[in-house]
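Working notes for the structure below.
Since the model is a prediction, treat every value here as computed from it, not as a measurement.
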Amino acid sequence: MDVRRDASTLIAYSVEKGIVDSPDEDWAYNRVLEAVGALGPAPLRGEDGSIRASEDVAVADFPIMGLLGRLADVAVANGVAADTAQGRDIAAMRIAGALMPRPSEIAHRFKMIEFESGSAAATDWFYELCCNVGYVRREAIAKNVAWTTPTRWGELEITINKSKPEKDPRDIAAAGCAGSANDEKYPECQLCMQNEGYAGRMASSGMGQHPARQNLRIVPIELGGERWGMQYSPYAYFEEHCIAMSREHRLMHVDQENMGRLLDFVDRFPHYFVGSNADIPIVGGSILSHDHFQGGRHTFPLMKAAVSESFSMANYPQVTCEVLEWPLTVLRLTAPEASRAELLDAAGHVFSAWDVWSDESVGIVCEEFDEAGVRTRHNTVTPVARKLEDGRYELLLALRCNITSEEHPLGVFHPHEDKWHVKKENIGLIEVMGLAILPPRLEAELDAGRLSKDEIGRVFAGVLEDAGVYKWDESGRAALRRFLASL
């Protein structure tokens with residue numbers, strides 16, 4: 001372990017990437033020493049007196065996480081980090097966070113770039129910063145296995161997700177021995193803005209494990225007249241995978257109000273799509289406790305789907321209404337920019353009608369009531385918004401139903417048991433759009449020849465078909481048209 005070499009290289013890298021201003025390099029070097037529990041030595045210096053990188057390092061394309069990892073080893077050796085995978089990650093984020101500008105400085109820079117050069121330039125800068133400081137784990141993401149598979153529904157995108165680190169057995173054991181805390185949980189969840197700059201907690205903490213977020217920065221945005229924030233996902237599933245989250249820690253909800261916020265988002269960032277997971281279990285995402293959206297710069301297979309048929313809603317003449325040829329039941333509503341309010345009203349109408357729609361002939365049950373008369377809703381939508389190149393708005397509404405049955409206790413419109421060897425988890429926003437996020441265990445199946453990539457892709461297509469509320473047979477199409485006629 002060479003503290004001088006690695007700390008000097010990190011400072012030279014940070015200056016070159018614009019994370020640290022050159023007049024601040026000595027301060028930054030000392031911050032790194034403090035973060036790893038060291039009191040010296042002096043940094044490497046070039047002929048002009050500035051801190052330089054080690055001579056065997058090409059700073060421009062340096063693998064930042066490897067460097068932070070070596071410095072985390074120094075922190076472990078000096079007794080200021082736990083000797084576990086999580087302890088090292090907390091130390092690495094502490095080191096990166098020591099060099100980060102304050103959140104207000106990031107917000108000011110973002111706003112200035114957006115004002116001078118547009119929102120795409122601002123997100124380009126912010127995304128690159130998040131990658132350069134190791135918040136977006138580019139090196140980990142590169143480990144994912146990805147391919148496409150031709151299907152009836154077009155080319156589906158398949159990813160075996162290997163980027164998230166496996167849990168260290170010592171962390172798991174520590175979590176099992178941890179007591180319960182009486183204190184209020186802080187941050188309330190991993191999507192709360194309280195995470196910005198948070199030091200993280202070990203699994204042995206009374207409040208439970210929580211990732212370090214010292215190098216997290218959140219750009220403030222306004223959606224629906226409320227304060228929201230935008231950040232990037234550390235383990236991105238697609239290009240510039242961003243998250244927009246409410247300032248308030250509140251439950252996910254899908255309704256006309258939040259679909260309006262989706263349009264607010266694409267008004268400000270027309271180069272991104274944005275969507276929301278469904279807001280009820282089984283068909284929803286993995287985090288239902290915090291109101292949030294996901295977006296980014298990616299064109300998904302769903303967005304290339306052909307039109308199966310058109311329909312109309314008499315009260316919304318400016319809205320073009322179509323059914324897409326897709327395994328899930330997806331309605332596409334488009335309207336010119338001037339008809340934004342009408343589009344939202346149309347989307348709200350579809351949502352309200354679907355919320356109370358049942359058709360037991362095809363297994364759709366919208367609600368159940370307990371003995372006390374309390375309603376449990378089963379129908380919702382997964383909405384996605386884009387702004388097209390000609391300025392029109394596009395809203396994609398995937399109809400969802402989370403009813404269960406004796407035959408399908410995990411969900412009638414959930415991956416069925418014959419496909420669990422590939423996918424058993426919820427079908428959320430990203431997979432609705434045609435991108436499979438599959439578990440790492442499948443790589444071993446591929447390597448052993450027990451599964452082929454084409455077979456995995458075909459099974460994923462079947463998974464999406466299971467999630468479709470109206471099947472592509474005669475009875476399914478007839479049932480869909482009954483719902484459309486009600487609109």
Side-chain angles (χ1 to χ4, degrees), residues 1-81 87-110 113 124-140 142 196-200 211-218 231-232 234:
M1 292 180 289
D2 189 334
V3 179
R4 184 201 308 268
R5 175 186 186 275
D6 290 335
S8 298
T9 298
L10 179 59
I11 300 308
Y13 168 91
S14 299
V15 170
E16 179 161 325
K17 296 295 187 182
I19 303 164
V20 171
D21 291 333
S22 55
D24 298 329
E25 60 180 22
D26 287 310
W27 164 85
Y29 183 83
N30 290 329
R31 292 295 310 277
V32 172
L33 293 183
E34 179 185 6
V36 301
L39 300 176
L44 299 171
R45 294 195 183 274
E47 294 181 359
D48 62 355
S50 63
I51 295 178
R52 66 169 176 83
S54 176
E55 293 178 352
D56 62 342
V57 168
V59 174
D61 300 308
F62 198 77
I64 182 64
M65 291 309 299
L67 179 55
L68 292 175
R70 290 198 299 275
L71 287 167
D73 288 339
V74 175
V76 170
N78 287 338
V80 296
R88 283 177 164 79
D89 193 69
I90 286 176
M93 297 305 99
R94 180 169 68 236
I95 296 160
L99 305 179
M100 285 291 287
R102 290 173 182 257
S104 59
E105 296 173 35
I106 298 292
H108 176 73
R109 180 75 183 275
F110 186 95
I113 295 173
D124 286 348
W125 169 79
F126 184 45
Y127 180 72
E128 191 65 19
L129 172 70
C130 294
C131 293
N132 289 340
V133 299
Y135 186 75
V136 176
R137 308 288 183 100
R138 270 177 170 165
E139 295 152 55
E196 195 170 34
Y198 189 68
R213 291 291 186 252
Q214 290 99 322
N215 59 346
L216 165 64
R217 293 297 180 265
I218 299 170
Q231 67 173 79
Y232 288 101

Task: Heavy-atom donor-acceptor pair, Asp48 side chain to Ser50 backbone, under 3.5 Å - done: yes
- [ ] Return the minimal non-hydrogen interatomic distance between Pro43 and Ser8, and the atom names on each side.
- [x] CA-OG, 3.4 Å
Task: Test item: Arg4 side-chain N/O and Ala42 main-chain N/O as donor-acceptor pair under 3.5 Å - done: yes
Open item on the list: Show, in sequence, the C-alpha distance, side-chain angles and deciding distance for Arg213 and Tyr135, and conclude whether the side-chain contact (heavy atoms from CB on, under 4.5 Å) test is met.
Closed with: CA-CA 8 Å; Arg213 291 291 186 252; Tyr135 186 75; 3.3 Å; yes
TODO: State, yes or no, whether a side-chain contact exists between Glu105 and Arg217 at a heavy-atom distance under 4.5 Å.
DONE: no
Open item on the list: With heavy-atom distances below 4.5 Å as the criterion, would you say the side chains of Ile19 and Leu129 are in contact?
Closed with: yes
Task: Pairwise distance OH(Tyr13) to CG(Asp6) - rounded to 0.5 angstrom - done: 14.0 Å
Open item on the list: I want to check something: taking the side chain as every heavy atom from C-beta on, are Val15 and Ile51 in contact at a cut-off of under 4.5 Å?
Closed with: no
Task: Which atom of Asn132 lies closest to which atom of Lys17, heavy atoms considered - done: ND2-CD, 3.6 Å
Open item on the list: Less than 4.5 Å apart, side chain to side chain, heavy atoms only: is that true for Arg94 and Val80?
Closed with: yes
- [ ] For the residue pair Leu99 and Val133, establish whether any side-chain heavy-atom pair is separated by less than 4.5 Å.
- [x] no
- [ ] Check the angle between the aromatic planes of Phe126 and Tyr232 and answer parallel, tilted or perpendicular using the 30° and 60° thresholds.
- [x] tilted
Task: 4.5 Å side-chain heavy-atom contact, Leu10 and Ile64 - done: yes
Open item on the list: Let me confirm one number: the CE-CD distance from Met100 to Glu196, rounded to the nearest 0.5 Å.
Closed with: 8.5 Å
- [ ] Identify the heavy atoms of Ala7 and Leu71 that sit nearest to each other, and give their distance.
- [x] N-CD2, 4.0 Å
Open item on the list: Can you tell me how far apart CZ (Arg5) and CG (Leu67) are? Round to the nearest 0.5 Å.
Closed with: 8.5 Å
Task: Least distance between heavy atoms, Ala81 atom then Gly87 atom - done: CB-O, 3.9 Å
Task: Point-to-point distance, once rounded to the nearest 0.5 Å, from CE of Met93 to CG of Asn215 - done: 5.0 Å
Open item on the list: Please enumerate all residues that pass side chain to side chain donor-acceptor pair (under 3.5 Å) together with Asp24, with sequence neighbours excluded.
Closed with: none
- [ ] Over all heavy atoms of both residues, which pair between Ala199 and Ala212 is shortest? Give the atoms and the distance, please.
- [x] O-CB, 3.5 Å
Task: Minimal non-hydrogen separation, Glu139 against Gly66, with atom names - done: OE1-N, 3.5 Å
TODO: Would you please name every residue forming a ring-ring contact (aromatic ring centres under 6.0 Å, His included) with Tyr198, sequence neighbours left out?
DONE: Tyr186, His210
Task: Check: Val3 and Arg70 side chains under 4.5 Å, non-hydrogen atoms - done: no
Task: Gln214 and Ile95, any side-chain heavy atoms less than 4.5 Å apart - done: no
Task: Whether Thr9 side chain and Ser54 backbone form a donor-acceptor pair below 3.5 Å - done: yes
Open item on the list: Nearest 0.5 Å, please: how far is CD1 in Ile113 from NE2 in His108?
Closed with: 10.0 Å
Open item on the list: With rounding to the nearest 0.5 angstrom, report the CZ to CG distance, Arg52 to Leu44.
Closed with: 4.5 Å
